[in-house]
Novice: 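Below is one structure. I have some questions about it.
Proteins come first, then strands; the chains are lettered A, B, ... in the order of their sequence lines, and each starts at number 1. A quick note: this is a predicted structure, and the numbers were derived from the prediction, not measured. Hydrogens, waters and symmetry mates are skipped; everything else that's a heavy atom, side chains included, is used.
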Protein chains: 2
Amino acid sequence: MIDATRPVAMFDSGVGGLTVLHECLVALPQEDYVYLGDTAMFPYGSREPAALRERIAAITEALLQRGVKLVVIACNTATAIGQDVVREVAAEHGVEVVPVVEPQAEIAAAITENGRVGVLATTNTVESGAYRRALERQGRALDVIEVAAPKLAPFIQEGSLFDEQTMEMARSYCAPLREERIDTLILGCTHYPLVAPMLQRILGRNVRLVSGGHAVAAAVQRTLKRDGLAREGDEEGDYEFFCTGPVDAFREVATRFLQMPLGEVRQVEFSVPA
Amino acid sequence: MIDATRPVAMFDSGVGGLTVLHECLVALPQEDYVYLGDTAMFPYGSREPAALRERIAAITEALLQRGVKLVVIACNTATAIGQDVVREVAAEHGVEVVPVVEPQAEIAAAITENGRVGVLATTNTVESGAYRRALERQGRALDVIEVAAPKLAPFIQEGSLFDEQTMEMARSYCAPLREERIDTLILGCTHYPLVAPMLQRILGRNVRLVSGGHAVAAAVQRTLKRDGLAREGDEEGDYEFFCTGPVDAFREVATRFLQMPLGEVRQVEFSVPA
């Protein structure tokens, strides 16, 4: 029997998923959270898929062993490559799963007025076709304009958020989206919310941005409510962090991504390599 | 004759007003902006009012000499102490003025459902009663709960945004607001948007935050449109910076507040001391 007082689990290959956690901490403050950043294997995009699926299964199992009530896949690659594995492992514990891609596609399809939806993502994510397929599943004729932005996430990860070079790069990636007159943009990488104001300025105020964090927070809320697992009361919950790589490196970048105090971070190991 | 292609001017005693500029850059990207940070006289709160009024008049005149189409007072103290002076000087040039306080009061009065509006501000601003009076002018019976947060702005200015100490401080300032069950909070200091997610988490998702930047951007848009001065097209405009203190110190803190590339910053002098 799952208990509403249990924490929500979330994992990612690194720190990007912390923008998803950030939104959940703000939108659903009464919940407890456990976040695992698999930083030892970062980036997932360069790993062999079969091995990665085993790794993801092991992480999911470890999170479930902590008695969590929901598993959030806060990572595009893990969602594309291992969503089914996570669901399988979680189902054995009777636990639901919320991935990043589908909730964004639902929101984008619901809010676009002119039916022209942009997707800004890493090359891997664009090539996986995950967002295009998810948008096609929404039962509405949409024009999907995908732009691969290979250099944007590394720049954000590095911390050079607010310089002219990042702005120029964002401008060049946004040019085709402006030309195609999209009215809705899916931020298809968890790093991008950190430059959302820049993107909004470049695209103009009439384009609505759909971040993974915003969409996931809404999906988590809906899922917990549906299953009678939402935490009652208005007390602030706790959150805690695990990473598989060095703690200090995680802490430094993570604070910038979370935009909240980080508290304790513990290192964990998995015997399954990726 | 004022021309729609002219820039919007904005001034503040320091960098706080850059959160207002940030919102305008995002909400009204097609406009040009000129920002002046009177960093040599920072903070305005500790200056003698009569001298400060002369200083503010000189700054307004200098901005108007540059041929601007609107003057935004992006500073609570300058609005409280010198709003009338700015309006007088601007009126001689036939230019409108948008201050920070009134637009926030309008929005807060319009969106509160339970009529319980919180104001979080510096001690000076709370003691000036400016927000309370502006809320009373909205023609609706409101319960106004004001909390002075003397330590919050200095902490934000310092840059220790995301540590546990800032969070604890925010929690203690929010405690009376939670107790009084406000559903709307005016962020009565231009520094506070930088910790808005923390405040939102502490207060819960049902409390709506009204930042100066958000309210001013809406007021600027409305005023320009009414006067036929809104810039057409969807090209990104320019922005430029002036400060009265050292340029390097301004640049360092300003980048964090603006969350955009800063570009050129020039130092200017005023013969009128404050």
Novice: If you count heavy-atom pairs within less than 4.5 Å of chain A, which of B:Gly263, B:Ala27, B:Ala196 leads?
Specialist: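 So the answer, after comparing B:Gly263, B:Ala27, B:Ala196, is B:Ala27.
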Novice: Which bit of B:Gln221 comes within less than 4.5 Å of chain A, counting heavy atoms only: side chain, backbone, both or neither?
Specialist: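 Just its side chain gets close to chain A.
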Novice: Shortest non-hydrogen contact from B:Ile202 to A:Glu236?
Specialist: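 Shortest heavy-atom separation between B:Ile202 and A:Glu236 comes out as CG1-OE2, 3.4 Å.
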Novice: Ignoring hydrogens and geometry, is there a side-chain-to-backbone donor-acceptor pair from B:Arg201 to A:Gln30 under 3.5 Å?
Specialist: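 Looks like no, no N/O pair under 3.5 Å.
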Novice: When heavy-atom pairs shorter than 4.5 Å are enumerated against chain B, which of A:Glu235, A:Arg171, A:His22, A:Gln200 gives the highest number?
Specialist: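 Top option by heavy-atom pairs under 4.5 Å: A:Arg171.
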Novice: Sort out for me which of B:Leu25, B:Asp163, B:Thr255 touches chain A most, counting heavy-atom pairs under 4.5 Å.
Specialist: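 Winner by heavy-atom pair count: B:Leu25.
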Novice: Which atoms form the tightest heavy-atom contact between B:Pro197 and A:Val26, and what is the distance?
Specialist: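 What the structure gives for the nearest pair is O-CG2, 3.6 Å.
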Novice: Below 4.5 Å from any heavy atom of chain B, which atoms of A:Leu161 appear? Answer side chain, backbone, both or neither.
Specialist: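 Neither; nothing under 4.5 Å.
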Novice: In a check of side chain to side chain contact (heavy atoms under 4.5 Å, CB included) between B:Pro261 and each of A:Met198, A:Glu168, A:Gln165, which one passes?
Specialist: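 Result for side chain to side chain contact (heavy atoms under 4.5 Å, CB included) with B:Pro261: A:Met198.
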Novice: Would you find more than 12 non-hydrogen atoms of other residues, nucleotides or ligands less than 6.0 Å from B:Arg181 atom CZ?
Specialist: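 Open: at most 12 neighbouring heavy atoms sit under 6.0 Å from CZ of B:Arg181.
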Novice: Is the shortest heavy-atom distance from the side chain of B:Phe162 to the side chain of A:Gln259 under 4.5 Å?
Specialist: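 Yes, at least one pair of side-chain atoms sits under 4.5 Å.
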Novice: Taking atom CG of B:Asp248 as the centre, does the number of heavy atoms from other residues, nucleotides or ligands within less than 6.0 Å exceed 12?
Specialist: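 Count not over threshold, so no.
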Novice: Please determine whether the number of non-hydrogen atoms from other residues, nucleotides or ligands lying under 6.0 Å from atom CD of B:Glu252 exceeds 12.
Specialist: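 Open: at most 12 neighbouring heavy atoms sit under 6.0 Å from CD of B:Glu252.
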Novice: Does B:Arg205 come within less than 4.0 Å of A:Asp234, counting only side-chain N to carboxylate O?
Specialist: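 A:Asp234 and B:Arg205: not salt-bridged.
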Novice: Kindly give the heavy-atom pair with the smallest separation between B:Pro29 and A:Gly204, and that separation in Å.
Specialist: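 Shortest heavy-atom contact: CG-CA, 4.2 Å.
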Novice: Does CZ belonging to A:Arg208 count more than 12 external heavy atoms closer than 6.0 Å?
Specialist: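 Open.
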Novice: Is it the case that over 12 heavy atoms from other parts of the model lie below 6.0 angstrom from the CD atom of B:Glu158?
Specialist: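 Atom CD in B:Glu158 is packed in, count exceeds 12.
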